[in-house]
Amino acid sequence: MAKARAAAGAGSREVASRAFAEFRVGLERHIAGEEEHLFPAFEGLHGFSPDAGPTAVMRGEHREIERLLDD
């Protein structure tokens with residue numbers, strides 16, 4: 001993200017766009033990994049429902065991140 005901001009600040013729209021795309025892919029991969037692997041394991045270990053507890057809050061935060069990425 002820092003690379004994208006720096007490029008945008010320098011007026012290099014193409015470099016900024018590529019850097020943001022790379023950032024987005026990495027962040028989306030991170031979110032998917034948490035939701036597909038980490039959260040279910042954590043919920044199973046601690047007896048949380050996917051609809052309640054800390055993982056539910058984090059899923060909500062992920063949806064907000066996705067909305068912000070689209071903006």
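We number each residue from 1, following the sequence as shown.
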Inset, instruction - Check A16 against A8 and note the closest heavy-atom contact, atom names and distance. - result: CB-N, 3.6 Å
Legend entry - Minimal non-hydrogen separation, K3 against A19, with atom names: CG-CB, 3.9 Å
Inset, instruction - Using the side-chain hydrogen bond (donor to acceptor under 3.5 Å, both in side chains) rule, collect all pairs that involve residues 22-32, keeping only residues at least two apart or in two chains. - result: R24-E28, R24-D70, H30-E34
Inset, instruction - Kindly state each residue pair satisfying ring-ring contact (aromatic ring centres under 6.0 Å, His included) with at least one member in residues 51-71, sequence neighbours excluded. - result: F39-H62
Legend entry - Remaining members of hydrophobic cluster (4.5 Å side-chain criterion), L69: M1, F20, F23, L27, I31, I65
Legend entry - Residue R5 excluded, over 12 heavy atoms near CZ under 6.0 Å: no
Inset, instruction - Enter the distance from T55:OG1 to E61:CD here, rounded to the nearest 0.5 Å. - result: 11.0 Å
Legend entry - Counterpart residues, side-chain hydrogen bond (donor to acceptor under 3.5 Å, both in side chains), relative to R67 (two or more places apart): E64
Inset, instruction - List for me each residue that meets ring pair (Phe, Tyr, Trp, His ring centres under 6.0 Å) alongside F42, sequence neighbours excluded, and say none if there are none. - result: H46, F48
Inset, instruction - Apply side-chain contact (heavy atoms from CB on, under 4.5 Å) to S12 and list each qualifying residue two or more places apart in sequence or on a separate chain. - result: A7, V15
